[in-house]
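Every chain is numbered from 1, with letters handed out A, B, ... down the list of sequences.
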Number of protein chains: 2
Amino acid sequence: MKNEDEPKDKRLKPADAQKLTMAEVAKYVGVSAMTVSRAFRQDASVSEETRKRIMEAVDALGYVLDLSAGSLSSRRSGFIAALVPSINNSNFSDTARGMTDALENTGLQLLLGYTDYSAEKEEELIEAMLRRRPEGIILTGGSHTARARRMLVKAGIPVVETWELPEDPINQVVGFSNSEAMSLLVRTLAGQGYRKFGYIGGTTARDTRGSQRRSGFQKTVEELGLGPGRMISFGVPPITMEQGGQAIVSLLERWPDTEVVLCVSDLSAFGAIMECTRRGMKVPRDIAIAGFGDYEISSICHPRMTTINVDCYGIGRQAAARLLDTLHTGEATGDEITLIGYKVVLRESTDRNGAPTA
Amino acid sequence: MKNEDEPKDKRLKPADAQKLTMAEVAKYVGVSAMTVSRAFRQDASVSEETRKRIMEAVDALGYVLDLSAGSLSSRRSGFIAALVPSINNSNFSDTARGMTDALENTGLQLLLGYTDYSAEKEEELIEAMLRRRPEGIILTGGSHTARARRMLVKAGIPVVETWELPEDPINQVVGFSNSEAMSLLVRTLAGQGYRKFGYIGGTTARDTRGSQRRSGFQKTVEELGLGPGRMISFGVPPITMEQGGQAIVSLLERWPDTEVVLCVSDLSAFGAIMECTRRGMKVPRDIAIAGFGDYEISSICHPRMTTINVDCYGIGRQAAARLLDTLHTGEATGDEITLIGYKVVLRESTDRNGAPTA
DNA sequence: CGTCAGGATGATATCGATAACAATTTCAGG
DNA sequence: CCTGAAATTGTTATCGATATCATCCTGACG
């Protein structure tokens with residue numbers, strides 16, 4: 001081999017004056033790189049004195065740890081991947097917050113990806129995430145492309161599916177039955193005397209939770225002997241507020257005697273309520289409307305909206321907690337299903353007295 | 001080669017049968033690892049035939065590229081970090097979408113972090129992101145802790161600050177003046193004859209965009225000779241819908257003759273409108289209300305809301321585009337400021353005729 | 001005074017890909 | 001057929017940290 005006399009370095013990076021490495025910090029302090037590495041971890045054995053000197057040097061030099069190198073050698077990437085359908089949905093953001101909170105002080109970071117309610121996009125994201133070797137992955141829903149599923153299984157990391165109860169879970173599940181939740185809402189309202197039920201949802205099975213809610217609605221209405229529900233499908237999920245408004249107009253044109261309309265989410269329900277109000281109809285006097293999700297808007301809007309409250313934060317928190325369990329025990333104690341609670345929240349928009357609080 | 005009978009390893013990874021590397025794929029196909037590596041990139045020169053065979057093997061074996069190894073050696077992490085205050089805010093999610101779109105087909109992935117409107121949280125996130133060596137970073141706002149700023153400068157990667165016009169930019173800026181935008185709204189409404197202005201915002205400077213809007217309001221009201229504005233500060237940013245409702249009650253108790261109330265965001269404005277409606281006041285007949293941001297809710301709610309529309313998507317798209325420019329030219333062509341458009345959207349909630357469309 | 005446990009630190013191999021350059025093959029054109 | 005440029009493929013060193021094991025040191029205790 002060559003000695004390091006002559007060929008110092010011929011290729012010089014452009015304007016890259018600050019390729020500071022651990023070795024340089026080490027030299028600066030007068031210790032080995034290994035000791036610097038140890039100083040960055042709280043479990044490692046380094047004397048307090050040395051650590052202090054190292055950290056001062058780190059500060060002085062402005063050194064920032066390079067995890068991409070570290071994770072290669074330690075085989076721990078230090079992050080958990082989480083895929084949610086939408087960034088702009090307070091239900092999912094509550095879930096994300098739950099995950100972040102549960103991961104606090106674990107040394108694990110959460111990296112979020114957005115699937116836009118698309119299984120293809122989800123597959124792409126799963127691959128992109130797996131390439132960075134996450135230590136675990138949390139998914140929304142239980143429907144994935146075949147290839148996505150294969151990759152997930154092969155990856156050999158804990159997988160948690162959330163927000164649903166998949167028939168054939170990959171690993172762990174933290175969720176609830178969207179179908180039963182919607183069913184509960186139908187039964188509750190039927191118990192209040194409502195008989196003619198309408199439903200507003202999306203057109204495709206793309207939003208699997210939406211489909212489940214719809215089928216829960218349909219099944220229950222029939223079980224109660226209230227005939228087939230009046231369904232309006234409108235647009236590609238997620239349905240917007242505006243589409244909710246358009247949908248209720250169609251629905252009432254077609255079935256003017258509808259008494260109560262359930263919506264796949266609070267957002268479309270809000271659009272429906274506003275549109276009715278705009279057209280001079282009183283909610284709930286002329287038409288009762290309920291949503292799903294208990295978004296902030298539901299308790300603020302006028303009239304306040306009946307909906308299903310789901311423990312979104314709990315989903316995230318539990319999902320991350322189950323993931324951590326699996327990571328710590330080294331092996332899942334069996335692929336469990338963690339059920340998450342939900343409850344009907346009755347508010348003005350379905351009040352039988354028809355008189356919203358003044 | 002070795003059988004399972006011989007427990008060669010003392011430390012046994014749990015169920016870790018699949019530590020598939022590029023070298024194994026290469027062996028399987030009968031080429032070198034380098035060729036496999038090339039096959040994964042579209043620019044590299046590999047014969048179509050070889051690439052096909054390699055990709056079939058990748059598929060058959062279920063190999064997933066390991067970027068943590070690749071980025072160490074190539075010194076390219078393949079991602080851009082973006083920090084936003086909140087994931088549950090459609091303005092910022094539009095911005096994020098703009099960034100994602102602009103990065104499409106660039107081989108760069110977007111990693112989002114959310115700061116919760118806290119500079120300390122932002123600092124932590126910046127450090128966490130920098131440890132993974134992003135190729136660029138996009139921030140929301142121009143206020144950062146001193147240490148965060150130091151780290152950013154030292155990192156030697158392009159930095160884009162968005163949504164504001166910082167006095168002392170780190171590098172590039174894509175934003176607008178929140179102060180002037182609010183000022184424009186005040187002038188527009190004053191032009192319609194409004195004289196007694198109220199304002200609802202948060203209590204602290206934590207939300208810098210909020211503070212700028214407030215000062216724009218205050219300054220302009222005084223410039224127009226309309227006396228000091230009637231300000232109600234309520235809660236820690238971001239203000240919720242509910243706080244908007246509470247705030248307007250306080251404001252009207254204190255200054256019952258207020259004609260129009262501007263809010264730091266559409267969300268608080270919405271809460272205010274609903275609360276007024278609930279109390280039997282007509283908007284805008286009894287009180288006019290305007291927001292900021294043009295969220296979906298503003299065009300749906302009843303009455304529809306006057307607000308400022310900002311090109312949120314454009315902010316994201318431009319920010320990413322400027323970042324890519326800098327990456328490609330190798331050096332910024334000067335740290336530019338890219339101005340983003342905004343406009344006043346007049347709707348029913350400030351209609352001087354006072355008669356919301358039936 | 002010797003021994004040994006255990007903390008602190010260092011030396012070296014290594015994680016899995018890619019950069020850089022070398023070697024080989026292909027093929028057009030003289 | 002030969003030559004050289006371009007296309008394809010291989011070899012080796014390396015990216016920057018950490019796992020692992022070796023070494024050194026301190027002090028308690030017989």
Would you give me the side-chain donor-acceptor pairs under 3.5 Å for residues 52-64 of chain A, sequence neighbours excluded?
from	atom 1	to	atom 2	distance (Å)
R53(A)	NH1	E49(A)	OE1	3.4
R53(A)	NH2	V29(A)	O	3.1

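For T35(B), the side-chain hydrogen bond (donor to acceptor under 3.5 Å, both in side chains) partners two or more places apart in sequence, or in a different chain, are S32(B). Taking D66(A) as the reference, S68(A), A69(A), R133(B) meet the side-chain contact (heavy atoms from CB on, under 4.5 Å) condition, with sequence neighbours excluded.
The phosphate of dT14(C) (OP1 or OP2) has no side-chain N or O of R75(A) nearer than 4.0 angstrom. The phosphate of dT9(D) has OP1 or OP2 within less than 4.0 Å of a side-chain N or O from S47(B). One finds a side-chain N or O of R41(A) lying less than 4.0 angstrom from the OP1 or OP2 phosphate oxygen of dA19(D).
Residue R131(A) contributes atom CZ, which lies 17 Å from atom P of dG16(C) at whole-angstrom precision. Rounded to whole angstrom, the span from the NZ atom of K19(A) across to the P atom of dA17(D) amounts to 12 Å. If you measure from atom CZ of R53(A) to atom P of dA8(C), you get 14 Å, rounded to the nearest angstrom. The CD-C1' distance, from E49(B) to dT8(D), rounds to 12 Å in whole Å.
Checked by atom type and distance alone, the side chain of R131(A) never pairs as donor or acceptor with a backbone atom of L67(B) at under 3.5 Å. With hydrogens and angles ignored, the 3.5 Å screen pairs no side-chain donor or acceptor of R38(A) with any backbone N or O of S45(A).
A side chain to side chain donor-acceptor pair (under 3.5 Å) check over residues 76-89 of chain A, counting only residues at least two apart or in different chains, returns the pairs R76(A)-E135(A), N89(A)-Y295(A).
Between E122(B) and H144(B), the side chains place a donor N or O and an acceptor N or O closer than 3.5 Å (distance only, hydrogens not considered). One side chain, S47(A) or T50(A), offers a donor N or O that lies under 3.5 Å from an acceptor on the other. For the residue pair E120(B) and T145(B), no side-chain donor N or O sits within less than 3.5 Å of a side-chain acceptor on the partner.
In the region residues 22-36 of chain A, proximity to DNA chain D at under 4.0 angstrom, judged on heavy atoms, holds for M22(A), M34(A). For the segment residues 62-71 of chain A, residues with any heavy atom less than 4.0 angstrom from an atom of DNA chain D are, sorted by number, Y63(A), D66(A), A69(A), G70(A).
Within the 4.0 angstrom heavy-atom criterion, base atoms lie near S45(B).
When the nearest nucleotides of DNA chain D are assigned to R38(B) and F40(A) by heavy-atom distance, the more 5′-ward of the two goes with R38(B). Toward the 5′ end of DNA chain D lies the nearest nucleotide of L72(B), the other residue of the pair R76(A) and L72(B) mapping further downstream.
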